[in-house]
Every structure is written in C-alpha cells, then in structure tokens.
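One structure below.
Just the heavy atoms: all of them, side chains too, but no hydrogens, waters or symmetry mates, feed the values below.
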Amino acid sequence: MEPSALTKAGSKEEGFGVQSRRVADLGLVPHLRRSNSSLCRNRRSQYLFSSCEKQENLSSWIPENIKKKECVYFVESSKLSDAGKVVCECGYTREQHLEEAIKPQAFQGNEWDPKKHVQEMPTDAFGDIVFTGLSQKVGKYVRLSQDTPSSVTYQLMTQHWGLDVPNLLISVTGGAKDFNMKPRLKSVFRRGLVKVAQTTGAWIITGGSHTGVMKQVGEAVRDFSLSSSYNEGEVVTIGIATWGTVHNREGLIHPTGGFPAEYIVDEEGQGHLTCLDSNHSHFILVDDGTHGRYGVEIPLRSKLEKFISEQTKERGGVAIKIPIVCVVLEGGPGTLDTIYNAITHGTPCVVVEGSGRVADVIAQVASLPISEITIALIQQKLAVLFQEMFETFTEGRTVEWTKKIQDIVRRRQLLTIFREGKDGQQDVDVAILQALLKASRSHDHFGHENWDHQLKLAVAWNRVDIARSEIFTDERQWKPSELCPMMTAALISNKPEFVKLFLENGLRLKEFVTWDTLLYLYKNLDPSCLFHCKLQKVLAEEPERVACAPALPAVQMHHVAQVLRELLGDSTQPLYPRPRSSDRPRLLLPVPHIKLNVQGVSLRSLYKRSSGHVTFTMDPVRDLLIWAIVQNRRELAEIIWAQSQDCIAAALACSKILKELSKEEEDTDSSEEMLALADQYEHRAIGVFTECYRKDEERAQKLLIRVSEAWGKTTCLQLALEAKDMKFVSHGGIQAFLTKVWWGQLCVDNGLWRVILCMLVFPLLSTSLVSFRDRRLQAARGLARVRAFFNAPVVIFHLNILSYFSFLCLFAYVLMVDFQPSPSWCEQLIYLWLFSLVCEELRQLLYDPDECGLMKMALLYFSDFWNKLDIAAILLFVAGLTCRLIPALLYPGRIVLSLDFIMFCLRLMHIFTISKTLGPKIIIVKRMMKDVFFFLFLLAVWVVSFGVAKQAILIHNESRVDWIFRGVVYQSYLTIFGQIPTYIDGVNFNLDQCSPNGTDPYKPKCPESDATRHQPIFPEWLTVILLCLYLLFTNILLLNLLIAMFNYTFQQVQEHTDQIWKFQRHGLIEEYQGRPPAPPPFILLSHLHLFIKRVILKIPAKRHKQLKNKLEKNEEAALLSWEIYLKENYLQNQQYQQKQRPEQKIQDISSRVDTMVDLLEMDRLKGSGSMEQRLASLEEQMAQTTRALHWIVKTLRGGRFGSEEGAPTLVPQKVPEGQDPELDSRQKAEDLGDTHHVNARHLLYPNSPIMRFPVPNEKVPWETEFLIYDPPFYSVERKDKDLVDPVGNALDPLSRVSYNAVDGPLDRRSFHGNYKVEDGFPLNPMGRTGLRGRGGLSCFGPNHTLQPVVTRWRRNQDGAICRRSIKKVLEVLVVKHALSEHWALPGGSQEPGKMLPRKLKQVLQREFWLSFESLLMQGVEVYKGYVDDPRNTDNAWIETVAVSVHFPDQSDVELKRLNSHLQACDPAMSIRWQVVDKRIPLCANHKAILQKVAALFGAYY
C-alpha cells in the first residue's frame, strides 16, 4: 500500500493471509468421553466454557489491554466533509469529538499535532460481527490503536478469539480497486488459495475491505464455504483495515462489546470510504484517531506479520517458526514497496502473472538477466501496464522502480512467478508451498539442517504430495535415522500419509522404536482419548508415584501395561514388566518437553543413543500398533498393522482392545467407530487365516495355538475367545481344529456308535472297529490303544454322560422308592457320587496353568453360568442332606432334595450344547428366558393392579395373609388362563362355597352381600368391566407381545445361532480336553493321583499342548515368515477387490478424465504461449539483423570500415516462459559475472534509518551520466574519535587527509590502484552506491581488513580424511556473534599498527597471539581486493586480504596449541570448526573467499 496516498484511488493495496482451525475444533472442546474415573471427568470439564463466560472474559480483558485513539483537540480544517460540514484536522466533525475537545480551555496551541492532540483510551468496538442481509456466519472484530503491541494482538487472536496457532501465514497483497482477471485464472487462484489455507492450517491476512484483491480472497472463501469440503475445517481470513476508512462503522461501537454487532454493507453510499468484506472471519480495525486516511494499518500489519513469523509452532514434537509467504495480485506503487520489503526481509513472494499492473511487470522481466532489466525496459512496461497513470511517473520514480525490480529479480530463490499452465504449477497451492520450500532451500544451513527444515514444513502443512515431489528426490538421499524425529511428529500429529512415506523411504521400525520413543509417544497421547483417562487413573492410584525422582516422567511403561492388561484380559501377561529399582531404564532426555528445533533439545536426541543401548521390546510394530489403536486412529493403525509379523494375533488383540474401550466410551459416534474398527480387524484376522488355511491346514492350526511372546504369552485362539470374535472362532479351519481336539487321537470319521460300543465293550479296541490318526497307534494293540481311546475328550464326554444319567436315575430311585430314615446303600452311593462331583468342581476352580492367581481363577470360574448352577445344586444338596440326617427334619430334607433334583436335571442342558441340533436351540431358549423376565415385570403390574382392585371391591377386611395372596396374585394369574372366579359377576354366587366371617381356613371370605336376601351387593357391572379390560390387556396384548418378543429373538438369534454355538462349543471341548478320563465316582482315583502330584510332589500344572504350544525359535521364525508372506497375499487381494468395485472404477475413470482434460488445457496454453514467445523472439532477431545489415551497408558506402562502437550487438534469444529462470545456466553465468557491487547498493543502510538513492545497474559506473543522482550524506559519529575520520560535513578537517598514500598509521592506498578524489572526497572505485559520506566505516577511502582462513582436514573416528565426491573435505574455523544470524571468518578490521584482527583476538587467548602472527606470515594469500559490503558508500569502502592457514596433519603441534587456546573472551561470541560446504551459513563475501581456499587445496565445496 502507498503510505503517502490519501485518496482511495491510489492507496488501498493490500496484503497477507492464513487458515487455522479454531482451538475449540482441535482440542479445547474435545469429544466428551465416559470413564470409570471421576478424574477423567474433572479433567475434561476444564475445557468446557459457556459462551456467557467467554463474553464476560472478553468484555473485561479487551478494555484493559486494547485501546482506541480519540482526537482531544478540535482544530478547524480548511477542507469540508463530503456533506459540506466543518471538520477538524483529524477528519471528524465537531459533533463527533469529545466534549473536552471543543472547550476553549482545552486549547493547547493553534496547530494540530497528532502526537499531542490524539490520546489513547479503552476501546469501545469489539466482539462478534454479523453482516445483515447476508449469511449468518459470526465473525470477530476489534478496534485497536495503531500503537498496540503485536504481542497483545497475537494474544487476542490465539487466546481470546480461539484461533489455533497457524502452520503458515499467507499475506495477500495487491490492488485495492476492483480489477478484472481471466475467468480461468480467477478460478485457479481462488481454488488454490483456499486449498493451501485449509490443508496447511494457515491464516490468510488481507486488507479486509470489499474491493480489489480483498474481495477476490473473500469470494474464494465464500465459494469454499458452499462446497462439500467446508466441514473439513474453516478457513481463517483476517482483514486488517483502517478504522477511519470503514463505512457504517458506527454500528460496531459497543462499549461493553457487541455480541453480536450488526454491520450493514452499503457500497452505493460508501463514498470515498470502504465496506468490510462479509466473507472474512476476523477483523482488526486499526485506529489513529483520524477519519478517511488510508494506509494507517500498514505499519501495524507489517509488525504483526513479522511477530507471528517469529513465533514457534510446536505440535507432535516438532517446533517450527511459522513461515510466511506473500501472494501478489495486480497492484500499484504501494504493492511494489510491499514486495521489495518482503524480498529484502527474506519473505518468499508468489506473483500471479496475468492479474495486471505490478504483478505483470515483475512477471515479464523475472526471467531476464539483471543486465537486461534496464530503465528503458521498465519504462516500456509501465507505459503498457500503467496507461492511466504513466504520465505521473517522473524520471526519478522510474529509476527507483528499476532499482527495486532489479533487487527483487536478483533474489530469484525468493521469487516465484505463477503462470497458468506452467509445468509443476497447475495449482496456486502447489506454487505457494514450492515457493516456501525453494526459499528454505536457498538458506544456508549446516549439514542436513536445510533438508530437515523443509521436511518439517511439509509435515506441519500435512502436504505429503509436496514432500514426495520436492523433498524425497534423487537430489537428497535420506538416511533412515534422519527420518526418526519426523516420524515421531507424524505419529503424534496423526498424519498417516507421512508415516507411510517414511516407511517407503527406508525407515526401520526396529531402530525407531526405543524406550524413550515409546515414553514420549505415551506422554503425548491425545488428551481426549479414553486410554489417556485410564492411564491418568492408574497414575493417580500409583503408590510409588510420590517417591519417584522428579526428573523422571510420571508415565512409565508398566503403567501402560497395567491398562493394557485390563483391556486384553487376564489370559495375557503384562506386555511391559515393571522395572526393578536397580534396572529401571534410563531416559536419554533430561527434560520432559521435547521440541524438534535447531536451538535447544531436539527430538533427534531420542535416537542418538550409545552402542550399548538395547531396545527392550520384542516387537516394535506391536508397540506402535497398540499406541495407534488405543487412540482409535484407523488409518495409522492400518499402515502399522501391514508391517506386523504376528499379524493374526495383532488383529485379534486390536479387536479386543477396541471392544473393551467401546464399552466405556460414552460418545455414541466414537463407540460405534470403535466397534466398526474392531469388526474390521476381526475380518482381517479371518482373511489372513483363510489364506494360511488354504495353503497348509496343519501350519495354520499351529498359528492358532502358538504361544505369542509379543502378546503376553497368549495364543490367537485365546485372544479370539477373550474378544468374543465369534466370526473368527466359527471359521471352518478353527472348527476343524476344535473337532480334531475333541476326537483326541481318534480319527474324526469314526462313527459315534462305534465309540459308544467300544466304551461299553472295551476289548473291541483290539480290533479295527475304531481307527486312530497316529499310524503307530493304528498298528499297535493293547494298552496304548486303550489309553489313547479313553483320553479322547469325546470318549470322556460320553462316559460322563452315562455317569450323569446313572447318577440322576439313582437319585430319582432314592427319592421316590428308597428314601429310608437311615440312608440305604443306594443313598450312600449318591453321597459318594456327589463327593466326586464336588472334587471335580474344586479341581476346575484351582486349575491354574497360566498362574493367574486364585482370585482371578475364581472370577473366571464363577463367570460361567453352568458353574454357578453346579455350585447352587451342590449347596442345595448339602442343605437337604443336613435336614435329612436330622430325624425331625426328614420330610423337609426330602423336599429340598427333590428341588435339588430339578437343578441337576437342568444341568443336562449344558451337556447337550455339544450337539449341532440341540446346541443352537438351547442358546435360543437362554435368550428367550431374558425376554420372559422382562415380560413378567410388565405382567406383574397388571396382575397386582387388577388383583388388589378386585380384592378391595369384593372382600371387606380380609385378615388372612394366605387368602389375600390367593385373591390378589394367584387367582388373578389363573384368570389369564381361563379360570375365572365364579362369584365375580354374582351369577354363580353361593354362600356355601365361602365363609361369611372368614373363619373357615379352607374357604375364602364371602364377598360383600345382603345378609337377609343372601345376594351380592357389590357393583357387578364394575367388576365385569375390570375383568374384561384385564383379560384384554393380559391375554391379548401382553401374551401376544411375549410371542412377538420370542419371534423377534428367534429370528435375531437364528441368524447367528450357528456362530454362537460354534463359539460356545470351544468351552465344552476345553473342559473335557483337560478333564480326567474316569467318570464319577471313579474320578476320585484321578483326583487322588492329582493330589499326590500337585501337593506332595509339587509338580506344576501345564496346559495341554493341543491348546497352547510353545514352539522352538527356529520353527516359530519360519512359521511367522510364512504368515507374513500370506498376509501380503491377503493385502494384495484386498487391493485388487477394492479396485474391481464398481464405485472405485467409476472414481478412477473420473479422475483420469479430469487429468486428461487438465493436460489438454495445459498443452493448449503452453503451445499458444510458446508460439507467441517464439514469434516475438523471431521479430526481435529480425529487427537486430536489419540494423546490422544497415550498419554494414553504411560502412561499406563510406569506403572505410566502421568503428565498433556503432556496431549493433544481437540480443541473445530469450528464455521460454515455461523454463525456470533459476535453472538457466546462461542467466546464472551472467548474474555471477556482474562486476557491479550489489550489497553496497541496498536501499536501506544497515543499522540506520537512512535510505540510499536508488542506483540501477546501468548507472553504477562513474563514467555513466546520471544527472538526477543526488545521494544523501551520512557519517556515523563514533565514540573513538581518535581512531576514525571526521564526520566529513565540513571540508576543513578532511583537507589534512592524504589519499592514495600512507597517512600516518592508516594506509589509504587501494589494492586496485589510485582512486579519484572529487571535491575533497575519494570516489569508490567500483562506482556509485547511492550514499555519500563514510557511513558506519572508520575512515574515508579504503578500510583495510584481514581475513585469516584457518582450515584442517575433516577426519573420521579412525583418523582417515573424509571425502565427498572423491574430494577431501575441509573444516574451517568460524565465529558467530549472538546477535548475528550468520557465522563468519575470524577476521575484520585491525588496530593501527597491529596485525591480528579485533575479532580474532576475542576468541584467541593472548599467549597465542604471537604464534598466530607467525602462522599468518607463513600463510598463503588467496584474495586481495574490494569487498562488496553493505556498509560501503561513495566515499568509503572495505578492502581485505584473505590469508589461508592450513594444518594438513592432525598431530600438528601448532594445531593442538591453537585448539587449546581457543576461548571466547566475550560470552556473546561462539567459535567452532565447521565442514566446508556451499551451504555453510557464512556471509556471501566470506563464502567467496572460502571457495577460493577449497579450490587451492582441491577440496570439496
């Protein structure tokens, strides 16, 4: 923008932008989740604030910290307002001033001074803004003083407005007046700008008004908000405008805040003011106390953008300084200043060609060499593109434009021209991000820091496409270890595409996952996830937490293991064992907060571990997979699972974890997502197992029962059962395995009748009636076959069935026939039988092969319904037996035992679950029982309500409790089934069937009746109506409801009955597989043998290998490799099936058609553009040829050869527009060969407010005429006046100076020969600089310096010299001041008569000064001459001598002495040995010297 312009026409040119997601969207208001801990609820509640609280906080904070400006002194202006009213010098009318401003006693003089007469006071315009008549989207706004600190504004934006810190700042600048753009270019610009803002989380900053480039940005945001992708995140567009130029701003004034304030857009009545753009989300209205003056916001905006770009954004362990980019559309003189300032400060700029005016001027000359960007060329461009205002361009202004454009184009690495259709620039978003990476690539960094910075930017932006095309190229070969810090950042930030990219580029998870990495990942869990809550609960209950060392993080891996075991179940061992105090793993990081930053502690230190550091995990993929799954990160977990080895177990474990988390998750959407993801992992386990089973059934079944050390010494089958993955367990291969276990060593094709026949007549086992799987058993005869037969679970099961039926028959016989006062032998046999059953139940309770503990086994035992029924039946039998043994209670004892017989009969249902026919039906019956209980609750309501009403109406004061129960409940219940009471309607009333007074215990009390007539007097019509209603609701409604419920349950369960039966079948098989072979009561012998074995001999229990088998390492490794191979087949098949889906095919065809259309359009644009360029070049060449021929003819006609001065030179052919000017070797050669000094002509003189006179390249030589050249005079007055020349503003002191000679202690001779002296001032031998005087230098004329270049060879640990590209690698001694961005050689100015530079003395101890002087005397001079320094002026400049001091031998005594005497005397100075490389961050002059030294020794550069 133009600060000098006061009118709307020439001043409103705007600039800058960003998108960010609101804090509420990212974390401050996360999904609410349920936890079993109040700690989690309390933690989450701190994020919830009501809108009222926010408004109150804002209303109190803003007036205290943010001010406005008001004119407090009315001075009448000579100008009138648009309405013809008298106004003050500030632009406001008398009525708009404060009362104090118009009082005579307040007059402070006749002249209005804004510094005196404008004062700050609390702002009165802030809050929410709504545009009337437009969309109801609510924005934020604030009126603030132009002197508001950037830190306060930034705090308002991030903390009170709730904006997330941006990953990128996009400043959009250009014309403030409406301008025309080609429809396609406009579409491309809008789409690309919003895309880059949305995908990278950027802020877009503009001028905020509804004109020009700001309007274009606003419409781009509007189009985006109407698209389907709007839900992915809001684009933050911040408008920074001048308060005094905003039309209808009176509606924004609300002293306590507008919530919301209504703003009216009135373009017709705005006059010379402007309206705010309704599509911006935030407005910062800058106030200087004036009205109608444009450009007030420019300084504040520049400071704010600079402040934001200096802030650090930390996320996922990666800290980056927020990058900023300037996007230019159209524009006038103010826009040129904005671009120049941006380029000067290192901000990359993207210029959109085709938008007009300044943007097109720069775009058209950007591909030219600097020498061809002349004043005449710029004047020609201005005449074409600035036709309306070209006449206002003076010669001086044209020179200034030429100089600025030359400086802009000279730094090509910061300038990107977006040309529609250019290769690689199809989209503006790609051009913007490429510009930032190009600018980052051009910065000098040590080693790989430059590439690291680019990768950090790409990760922060979440643009994997940019990373693939710009960073992971052949130019840079990434080491896997270099990707580890960024991998951590990508994991924490949930950027799966980057994780996939890093894995593709060689990252090894085994090297990546360390103890420190896992701790860091778990410390950075998403605070809103349920696992984080559970982990915090464990930490809160940790007894040792208080005793922990404060340096250690609170979270340890055994805490994580504790939560995981709760989720995975007790069948797994802890995944991360609790460390003992002696071997607690040491953390490599001394601080908990880790940032990937060049300064300070970095994430890279996580991976710099000693050679003795051994990773503690057995499976790093498992650790990452668990970390991703517990946070419900679908895509991330999918990528990591694809890398896993034990993939079936991993998928089943993920299914189990997700199902357990979903039970505690209160948020319905999150719970459903978890269940869907759990189902997906179950299908993956099924898919991989299917591949394995098709390939090899035996090896696939080995995978099921293999003990997985990585997953807590459990098996795939156990994990599937814990997770209740019925689809997996019902798989044909697993059922075949269970059938195989069920039949033991018998062949599964044996008929059941054969097995039962051999059970009854076991000598038949010596025949071939039954067959065995083992050939040796098949061939053997005798005891081995008998043992194998009776150890088969199917045989044990049928023996137990026979035994149980015998027990029930004997029990029934005793109860009905042989129940004597004294127990008979049959009854005693029942007691023995029952004792054997009790012993078996105890064995099942105490059987603990996995060493879970008695409590865990008891919980597991009682979790089974049939075990509960067994215990209840046994306890009831004990109760009945106790009563039976007491003679007085013999009959009650028989009743109890009779009831107990019912329970033992119900136990038969469990036995029938093995049947494929009865098993599913029993499951249906169990489910229907739940329906019956719900139905009985509803039925009880009607039964009790009708029974009580009926009893109260019919019977008066019935006192017998048993008859009350009969009348209320029993008779009401029987009524449902048709047994209607005879006396309810009075028709069948009979006094003989009842007791009038209720004294007969065998008769009910008579209903209300007439004692004389013996007729009922109760209201018969009422009781009949109640009966009808009762039967209607119970018989018809409730009973049919029950039938409907049964029908629904049957249909629902019937679909999955087969799966449920197959799943529950495993429990019965496992029970009988580990059961002793003898049936009760003979099982007591087995129990006695077991007691001796376990209790006396102390032999521990072991699980049968058929269900849990620990393999040898070699066998396990081979099995896992086979599983991985088949997993890859499964994934390939899945990808193929995905591609074959009709929806995917349609999508692929659509994308290909879109790509072809874009390519054809680009080819057309490129073809037409290339043709135009070739024709223009041909025309220019023809004109040059014509002039050359004309000169030749004229010379020949003169009869003599013409002088060469008149001969025209052919202009070289221009570079095609589609070619990157930075890659053009001819331009590079010409730019490098530019003999004119460049740094000495920077417009702003360093460390001062002085601006040089602009000097374009062609006007640098003194010999070139430059009539308007009028540079300012500037000399710094320094304290050490004895060591410097006078200021020079008077010639008398300078008359004693002797130039081109030795002047006392100063040598004023130049290495370039004698220089001219004009009017008592020496002239710079390299030409004009735009500034007279000596500037910040010490003396007029040459200022001599010395640059020692101290080098040595870089060596590895073995002492060998390192090499790159065959050449040896040098190291150079460099120093750095704390305030400087660049390192430098340890040289500079010298004290008069001294040899060593001042800078070198600051880093070298005094004892070594003389020795170093001798080294300099022996050194090789590599350069002597002029230095292009920013401090040079027309009358003072720097010349230097560079001396190389090289130590070829690492054992050199002088080198060792030098290293021992290196010590920075000034704490602000740093010193180091640095590898010599073209990317070394030295100033340009020193890099040129270093390049000469490298060439001298033939070293790498």
Side-chain touch N632/L661, heavy atoms, less than 4.5 angstrom: no
SG on C647 to CH2 on W641, rounded to 0.5 Å: 5.5 Å
Between NZ on residue K140 and OG on residue S281, distance to nearest 0.5 Å: 11.0 Å
Side chains of D526 and H532 in contact at under 4.5 Å (non-hydrogen atoms): no
From CD1 (I626) to CG (D619), nearest 0.5 Å: 9.0 Å
Heavy-atom neighbours of E635 CD exceed 12 at 6.0 Å: no
Trace of the side-chain hydrogen bond (donor to acceptor under 3.5 Å, both in side chains) decision for H282 with T237: CA-CA 6 Å; H282 300 79; T237 326; over 6 Å; no
Heavy-atom pair of closest approach, residues K321 and S309: CB-O, 3.9 Å
Smallest separation among heavy atoms of L483 and N505, with atom names: CD1-O, 4.0 Å
Quiz item: cation-pi between R468 and F472, 6.0 Å / 45°: no
Close side-chain approach of L509 to F512, heavy-atom, < 4.5 Å: yes
Donor + acceptor pair across side chains of Q454, E470 (<3.5 Å): no
Side-chain donor-acceptor contact under 3.5 Å, T517 with T514: yes
F498 to A490 - nearest heavy-atom pair and separation: CB-CB, 3.9 Å
Distance (rounded to the nearest 0.5 Å) between I343 CD1 and C326 SG: 8.0 Å
Heavy-atom pair with the smallest gap, counting every atom of L575 and A710: CD2-O, 3.7 Å
Non-hydrogen atoms of A637 and I629 that approach each other most closely: CB-CD1, 3.7 Å
Side-chain donor-acceptor pair present, R463, T199, cut-off under 3.5 Å: yes
Gap between atom OG of S187 and atom CG of D223 - 0.5 Å precision: 8.5 Å
Residues that Q680 engages under side chain to side chain donor-acceptor pair (under 3.5 Å), provided they are two or more places apart: R634
Side-chain heavy-atom pair R411, Q413 within 4.5 angstrom cut-off: yes
V235 and L193, any side-chain heavy atoms less than 4.5 Å apart: no
N524 to I492 - nearest heavy-atom pair and separation: CB-CD1, 3.8 Å
Pairwise side-chain contact, W627 with F531, heavy-atom cut-off 4.5 Å (strictly under): no
Validation row: P348, T416 side chains within 4.5 angstrom (heavy atoms): no
Pairwise distance CD1(I466) to CG(D429) - rounded to 0.5 angstrom: 7.0 Å
Side-chain heavy-atom pair F189, L329 within 4.5 angstrom cut-off: yes
